[in-house]
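Okay, structure first, notes after.
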Number of protein chains: 2
Amino acid sequence: MPKDGQLTKDRILAESRSLVLKNGFAATSIDNILEKTGLTKGAFFYHFKSKSELAKALIEDFAGEDISYMNKALDKTATINEKDALERLLQFIQEFIDMMADLSDPPPGCLYASYLNETNQFDEDIRSYITSTILLWRQTLELLIGNVLEQRKMSIEVDSKSLADMLVVIFEGSYVVSKAVNEADLTAKQLTHLKNYYQLLFKEKK
Amino acid sequence: MPKDGQLTKDRILAESRSLVLKNGFAATSIDNILEKTGLTKGAFFYHFKSKSELAKALIEDFAGEDISYMNKALDKTATINEKDALERLLQFIQEFIDMMADLSDPPPGCLYASYLNETNQFDEDIRSYITSTILLWRQTLELLIGNVLEQRKMSIEVDSKSLADMLVVIFEGSYVVSKAVNEADLTAKQLTHLKNYYQLLFKEKK
DNA sequence: TATTTTATACCAACTGGTTTGTTTATTTTT
DNA sequence: AAAAATAAACAAACCAGTTGGTATAAAATA
């Protein structure tokens with residue numbers, strides 16, 4: 001029975017994420033991480049063979065959580081689908097509003113944005129990993145929106161791709177602004193506007 | 001006729017901005033900047049007494065441009081004001097749509113976001129400088145929206161503050177996403193949705 | 001008008017400290 | 001015994017910042 005090194009690895013990942021979100025990746029030294037975790041260099045390099053391998057593990061860990069939130073919201077709203085596609089789309093957004101509604105501090109940030117703001121530091125495989133995760137959000141929303149368009153024959157033309165992108169755009173943008181103005185409820189309010197926009201766009205004209 | 005050191009200083013600022021937007025501030029070494037400009041250490045420290053003074057000069061330079069774009073859009077739409085406040089608001093947004101419409105590459109990014117993603121590295125005065133600049137955007141939009149609300153007695157309640165924040169939120173968010181998916185027209189499309197939302201929200205119910 | 005002085009703008013080499021990563025030997029835990 | 005860590009020393013590269021000095025042009029002076 002091996003000693004559980006996964007616990008240590010997870011602690012490194014958790015503290016690193018928090019440091020990277022506040023300082024950026026380059027400004028987060030391995031010594032900083034060791035300070036926070038109380039570990040030694042040997043322990044760190046036992047679990048990650050380089051700092052860039054940590055970068056990879058960090059983003060994969062983060063994206064895993066991210067996509068699992070997406071899937072949870074899909075699952076929770078799955079039953080609405082057949083009956084009313086618009087109601088399902090709106091409830092899907094509402095899941096994230098609820099999620100962001102009772103924060104007492106501004107959200108800690110998004111690792112995609114952190115990495116993209118220092119994008120030259122990372123190799124192509126990390127960059128394309130982020131790209132594909134964000135495209136998965138687009139794809140998912142496009143599907144939900146597509147269902148709405150099918151049910152209601154829209155007279156006006158709708159660009160479902162850019163409409164789908166709005167969720168991630170508003171998440172990312174509201175993280176930036178809420179950091180700047182230090183307002184915890186900003187993200188929830190911005191998402192509510194998105195929900196409202198979808199509603200106005202689709203509900204009025206049938 | 002003095003030798004013009006301002007030209008050199010401006011070159012340092014321009015190359016630094018471009019490097020910081022791609023690599024982040026911490027990962028941009030002074031040697032990197034010297035490489036790009038062809039200058040030497042002595043020249044750099046003649047113009048900036050430390051790297052953190054460069055950080056300050058960079059963000060002030062950037063914010064100056066930013067606010068001047070805002071004022072240009074205000075000026076261009078100033079005549080519409082009295083007649084139709086909604087038309088003025090929509091035209092104000094349109095100015096930025098036009099600005100972002102004919103880019104052949106994704107926008108290079110926003111220094112506010114760059115700094116906020118490495119926020120712990122900067123002193124309080126830089127952080128509060130960014131805050132006040134973003135609050136100036138909020139204030140300006142709130143004024144434009146306030147004029148609309150005055151002209152049309154809205155039946156529904158409208159949170160003009162969060163409505164005002166949407167412009168910066170969408171700018172920031174679309175910069176992040178357009179970097180990820182490498183689409184040059186993404187920002188213009190997202191801003192068009194914002195314009196559309198304002199229109200739907202205010203035009204229908206008088 | 002010729003000469004000296006001064007301030008500006010810049011260069012080249014160097015210093016002290018930090019960073020990532022390695023190595024080796026030892027200890028603890030299961 | 002295998003896995004998970006500690007401890008401490010070390011190297012190679014890099015980094016911010018310093019120092020001492022140079023070129024140039026404008027201004028002051030003789």
Side-chain angles (χ1 to χ4, degrees), chain A residues 1-59 61 114-115 118-123 125-126, chain B residues 1-59 61 114-115 118-123 125-126:
Chain A
M1 221 181 298
K3 188 165 124 175
D4 197 0
Q6 189 61 40
L7 280 168
T8 304
K9 196 167 183 175
D10 287 348
R11 247 173 68 233
I12 294 175
L13 284 172
E15 295 293 353
S16 299
R17 183 196 288 190
S18 146
L19 283 169
V20 170
L21 288 174
K22 282 183 283 188
N23 302 329
F25 185 77
T28 300
S29 72
I30 291 168
D31 283 341
N32 288 158
I33 298 166
L34 302 181
E35 228 173 89
K36 278 258 178 181
T37 54
L39 295 167
T40 59
K41 236 168 211 199
F44 178 89
F45 283 102
Y46 176 78
H47 289 288
F48 302 97
K49 67 166 185 274
S50 68
K51 198 190 176 189
S52 60
E53 218 202 48
L54 171 69
K56 209 175 157 184
L58 270 177
I59 201 74
D61 181 58
S114 290
Y115 279 33
E118 307 177 74
T119 198
N120 267 19
Q121 284 178 80
F122 303 99
D123 357 331
D125 66 322
I126 285 189
Chain B
M1 222 181 299
K3 252 200 305 190
D4 199 357
Q6 189 62 39
L7 279 169
T8 303
K9 196 168 183 175
D10 288 346
R11 246 172 68 231
I12 293 174
L13 284 171
E15 295 292 353
S16 299
R17 183 196 289 191
S18 146
L19 283 169
V20 170
L21 288 174
K22 283 183 282 187
N23 302 333
F25 184 77
T28 299
S29 73
I30 291 168
D31 283 338
N32 289 157
I33 299 165
L34 304 181
E35 228 173 88
K36 278 257 179 181
T37 53
L39 295 166
T40 59
K41 278 254 161 95
F44 178 89
F45 283 102
Y46 173 78
H47 290 287
F48 301 96
K49 68 167 183 276
S50 68
K51 198 191 176 187
S52 60
E53 218 202 46
L54 171 69
K56 209 175 157 183
L58 270 178
I59 201 75
D61 182 58
S114 289
Y115 279 33
E118 307 177 73
T119 199
N120 267 18
Q121 284 179 78
F122 303 99
D123 354 332
D125 66 322
I126 285 188

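Residue numbers start from 1 in every chain, and the chains themselves are labelled A, B, ... in the order their sequence lines are given, proteins ahead of strands. Keep in mind the model is a prediction, meaning the values are calculated, not measured. Side-chain atoms are counted along with the backbone in the values below, which use heavy atoms only and exclude waters and symmetry mates.
In this structure, A:H47 reaches the D:dA5 phosphate: one of its side-chain N or O atoms is under 4.0 Å from OP1 or OP2. Here A:Y46 reaches the OP1 or OP2 of D:dA4: one of its side-chain N or O atoms lies under 4.0 Å away.
Between B:E53 atom CD and D:dA16 atom P the separation is 15 Å, expressed in whole Å. B:F25 has its CZ atom 11 Å from the C1' atom of D:dA16, to the nearest Å. Between the CG atom of A:L7 and the C1' atom of C:dT29 there is a distance of 13 Å, given to the nearest Å. If you measure from atom CD1 of B:I12 to atom C1' of C:dA9, you get 11 Å, rounded to the nearest angstrom.
To the nearest 0.5 Å, atoms CG (B:L21) and OG1 (A:T119) are separated by 11.5 Å.
Identified under the salt bridge (Lys or Arg N to Asp or Glu O under 4.0 Å) test for residues 24-39 of chain A, with sequence neighbours left out: none. Among residues at least two apart or in separate chains, salt bridge (Lys or Arg N to Asp or Glu O under 4.0 Å) pairs with a member in residues 39-51 of chain A are A:K49-A:E53.
Relative orientation of the A:Y115 and A:F122 rings is parallel, given thresholds of 30° and 60° on the angle between their planes.
The backbone N or O of B:F25 sits less than 3.5 Å from a side-chain atom of B:E118, completing a donor-acceptor pair.
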> Can you list the steps and then say if B:I12 with B:F44 is a side chain to side chain contact (heavy atoms under 4.5 Å, CB included)?
Replying inline: CA-CA 8 Å; B:I12 293 174; B:F44 178 89; 3.9 Å; yes
>> Each nucleotide in nucleotides 14-23 of chain C should get exactly one letter: B, S or -. Can you fill that in based on protein heavy atoms under 4.0 Å?
In response: ------BBB-
